[in-house]
Amino acid sequence: MSIPLNPSAFAERHIGPDRPGLQTMLDVLDQADLDALEARAVPAAIRSGAPLDLPAPASEVQALAELRALAARNRPMVQMIGMGYHDTLTPAVIQRNVLESPAWYTAYTPYQPEISQGRLEALLNFQTAVCDLTGLDVAGASMLDESTAAAEAMTLIRRTARSKSSRFVVDADTLPQTLAVLATRAEPLGIELVVADLTLGEEGLPAGDFFGLLLAHPGASGAVCDHRAVIDIAHQREAKVAMATDLLALTLLTPPGELGADIAVGSAQRFGVTLGFGGPHAGFLSVRSDLQRQLPGRLVGVSKDDAGNAAYRLALQTREQHIRREKATSNICTAQVLLAVMASMYAVYHGPEGLTRIARDVHGRARKLAAMLTGAGVTPEHEHYFDTLRLQVPGRARAIAAAARERGVNLWVEGDDVVQVSVSEATTDDHLELVLGAFTGERTDGADTAPGSALPRELTRTSEFLTHPVFHAHRSETAMLRYLRRLSDTDLALDRTMIPLGSCTMKLNATTEMQAVTWPEFAGIHPFAPAEDSAGYRALIDQLSSWLCEITGYAAVSLQPNAGSQGEFAGLLAIRGYHRSRGDEHRTVCLIPASAHGTNAASAVMAGMSVVVVKTAATGDVDMADLKAKIDQHADSLAAIMVTYPSTHGVFEDSITELSELVHAAGGQVYVDGANLNALVGVAQPGVFGGDVSHLNLHKTFCIPHGGGGPGVGPVAVAAHLAPFLPTHPLVPEAGPETGIGAVSGAPWGSASILPISWAYIRMMGADGLRAATLTAIAAANYVARRLDEYFPVLYTGAGGFVAHECILDLRPITKATGVTVDDVAKRLADYGFHAPTMSFPVAGTLMVEPTESEDLAEIDRFCDAMIAIRGEIDRVGAGEWPAEDNPLRNAPHTAAALVSEWTHPYSRAEAVFPAGVDPAHKYFPPVGRIDGAYGDRNLMCSCPPLESYAGR
Ligand SMILES: *Cc1c(COP(=O)(O)O)cnc(C)c1O
């Protein structure tokens, strides 16, 4: 056999090319087998040689059985803990047709808007729901969680507040995990947090200046207070005000915008997204319109296409880190799109009356419980609350919580004297009886619902919300089902075509890997439940962590960061913590190659470092002479270098070990951005070939689907000397080292409920399967490079003429000669039924192609054939046959509607929509034509448009 690797049966399915297909690719590369390719393509200095020490691969049946056994060790209880996480009832139509639908979960971030209108509309609905409910003007398309959203609000305020103070005041009734994340984010930036008891109103505010204020509405204790006076005073002192809030409560309560707040943050979790041991959930952030250009993360807006029809696209893209880099306002890249889509659909399905009814039920049950407990002699501490009762029970708190657990209910306990009970949509009258029993020790008949409300009258919501027809049109399940299908049908996701996105690793998300995510034993666990409830989760986390250490060659890993960007921030804080522990506070310079991903520079700034850019040599490698010069120049203050390996140029650089030695010799640490780990798993280990710390993207290399732009998991893996500086959690000490750097996410293990996906992938692939996947990905990229080089020159290759797992196609000479741009080619690919490759990253005017191991030869050839046909079209433009301003490329993509309007183009309708290789029977038509992004940015509209402007569809 010419392919000496022996992957498991699962791996044979995960890996796209069959043996003859792989052999064809290897023949083109003139390599006998994958081992030979490895020897030629991967520098000897980094190859590990020894196989990974992982358990023998499990079959799909066996892996599911093991996951079932792990699940059985978790204990889903009636969750009445609250503290930012509430039980919810996911409508089955949304669970099955969004969360479990590959049309939604395998989609990519909607950077190519013409093929992403469905998810863009869903995100616009999310933004509209958040704006309406919070009473503010503009909301982004999700944040990573509530706590990081609060931290983003803090830094947004600092950028925009007129006050020059460095103090940020935080309501003492803020969620403890949010306070912890704020502290982690504040310290490196020199922001001083002042915690203040603002239930006292104005009296509670500290004397002196502060630049901003975070209030809680309702508070972590459940209290609902009228903060208007405090907000006014903060504004008088030139500070801006953010409010952490709860979307469900806001159906009944005066929203932050009407109270005078400038910003609202929170979590949309209780809109139909299960607890999942802490995540993933969509955080939100909304602002007044004067702050809209400062919003972190992605923002969907309405623009128009080339036919003048309304069309969606990401607005203000210039805010992205790739352009702003170290001046970026935030490092957030992957967010929580899939969960935002779920929350938006929950709002669409229930509408304003449905949401209000749910909120009234929740509030009614909370009142009923208050009456029952008062009857039993325990009166809630707060007069005004929405869903959470705080109860003073001197000396009895633990006994009551234990009695509740015996009855199957989890409560929140604070010390010996305080219990909190939080009511959710899933709470029943029976649950209230169980809680009462835990307080009284007996079964009692509860009092009837007390009349009236425990919300302060002056905070009663009077304004309308969710008035747009979309929140009224899909109430029957049939209508909802069809709406979801209609939206996803307008999009191209992995269930229709390869998505050859360099740096993003859009590989198979196997169905078996997805299955455990919605099992109640994983979905129903509260992140702050007693440890024994999550024994299965903890075992899975330990196993996955040890496998990731084995794969990377590092000593320890934290799964807390919920995207690659957050892993970068955590890793840089670990480096910072290490230097400080040695008295090296002055080491603050972070070297970053010019080709780095934009998040790197933004993360370094967030970690209090100053960025020094290292040049790229003509070969595309890090310019070693410039590196040496920069190291000399900053030797005393060098903190770290951040390099991506293989580089963002898609090349294994021979110089990595030398680079690492130089930086270490100067006292710096080496951060290896692990986003390209799909080129390394089973072949080389960053922790061995020179790295001190890496983040991984489980949503790239380890099969968590992209979800249209999230969720993700960005574990940070470190060498032993950095292990004491991993993230921690204020409520769950086992989640990190005692000496750690603080929390970077609200939940102890971040987006825990999607970890079974990566666990299952590694478990079923085994060491040989993972190595075969890596080498097949390298073979596929090199095959694409060889097939396309003659048509679109491959910009960079390594020493042996090979690329790594992706290749950059240089269109700049073609653009110069013909006027046809990367944009034109990207849009034209949609006419051929493909998602475009990565555009203009890391080099402007190029396309970066990453086929991954999961695409079979036929699909790779279909893509190459399309690219070659497009080159033929470009040549006709170049030859003057088609004018530069009117040709199939410039007018791409072509809609069905365009065909039946007057046809004046110098090419035929068939050439427009059925170019070579496109089967008319399986033709994909984008719903809109080329979108004018600049128009939308000039006329910013980021919530649901009035229907008239939307008439095109
Ligand atoms: C994707 C990527 C990141 C950022 O990861 P997110 O999960 O999107 O935050 C960082 N570096 C590189 C090279 C990447 O490709």
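All values below come from the heavy atoms of this structure, side chains included, with hydrogens, waters and symmetry mates left out. Read the numbers this way: they start at 1 and go in the same order the structure lists the ligands and their atoms. Everything numeric here is computed off the predicted structure, so don't read it as measured data.
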J.: If you have a sec, work out which protein heavy atom is nearest atom 1 (C) of ligand 1 and how many Å separate them, to one decimal?
T.: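 For atom 1 (C) of ligand 1, the nearest protein heavy atom comes out as K700 NZ, 1.5 Å.
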
J.: Under a 4.0 angstrom heavy-atom cut-off, which atoms of ligand 1 come close to A675?
T.: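 Ligand 1 atoms under the 4.0 Å threshold to A675: 2 (C), 11 (N), 12 (C), 13 (C), 14 (C), 15 (O).
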
J.: Which one of H597, E850, M642 has a non-hydrogen atom at the shortest distance from atom 3 (C) of ligand 1?
T.: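 Comparing heavy atoms across H597, E850, M642, the nearest one to atom 3 (C) of ligand 1 lies in H597.
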
J.: Does any N/O atom on H695 come nearer than 3.5 Å to any N/O atom on ligand 1?
T.: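 N/O-N/O distance under 3.5 Å: no.
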
J.: Tell me which protein heavy atom sits closest to atom 5 (O) of ligand 1, plus the residue, atom name and distance to 0.1 Å.
T.: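 The closest one turns out to be N697 ND2, 3.0 Å.
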
J.: Which residue in the set L811, T846, V822 passes side-chain contact (heavy atoms from CB on, under 4.5 Å) when paired with M839?
T.: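 One option only clears the test, and that one is V822.
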
J.: Can you pull out the closest protein heavy atom to atom 9 (O) of ligand 1? Residue, atom name and distance to 0.1 Å, please.
T.: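 Atom 9 (O) of ligand 1 sits closest to the protein heavy atom S565 N, 2.8 Å.
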
J.: Tell me, which protein residue and heavy-atom name are nearest atom 11 (N) of ligand 1, and how many Å apart are they?
T.: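 Checked against all protein heavy atoms, atom 11 (N) of ligand 1 sits closest to D673 OD2, 2.7 Å.
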
J.: Looking at C333, which atoms of ligand 1 are within less than 4.0 Å of one of its heavy atoms?
T.: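 That gives atoms 8 (O), 9 (O) of ligand 1.
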
J.: Out of E568, H699, H706, whose heavy atom is nearest to atom 7 (O) of ligand 1?
T.: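 Going through E568, H699, H706 one by one, H699 has the nearest heavy atom to atom 7 (O) of ligand 1.
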
J.: The test is ring pair (Phe, Tyr, Trp, His ring centres under 6.0 Å); show your working for F569 and H695 and say whether it passes.
T.: CA-CA 9 Å; F569 175 60; H695 77 267; over 10 Å; no

J.: According to side chain to side chain contact (heavy atoms under 4.5 Å, CB included), who are the partners of T334, at least two apart in sequence or on a separate chain?
T.: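 Side chain to side chain contact (heavy atoms under 4.5 Å, CB included) check on T334 returns A563, H699.
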
J.: I'd like to check the side-chain hydrogen bond (donor to acceptor under 3.5 Å, both in side chains) partners of W104; sequence neighbours left out, ordered by chain and number.
T.: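 In terms of side-chain hydrogen bond (donor to acceptor under 3.5 Å, both in side chains), with neighbours along the sequence ignored, W104 is linked to no residue.
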
J.: Please determine, by modelled atom types, if N678 and E853 share a side-chain donor-acceptor pair under 3.5 angstrom.
T.: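 Yes - a donor-acceptor pair under 3.5 Å links their side chains.
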
J.: With the threshold set at 4.0 Å, does a side-chain nitrogen-carboxylate oxygen contact exist between K700 and E850?
T.: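 Between E850 and K700 there is no salt bridge, as every charged N stays at least 4.0 Å from the carboxylate O atoms.
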
J.: If you have a sec, work out which protein heavy atom is nearest atom 8 (O) of ligand 1 and how many Å separate them, to one decimal?
T.: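 The answer is T334 OG1, 2.5 Å.
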
J.: Would you verify whether the NZ or CZ of R47 falls within 45 degrees of the ring axis of F652 while also being under 6.0 Å from that six-membered ring's centre?
T.: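 No, a cation-pi geometry is absent between R47 and F652.
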
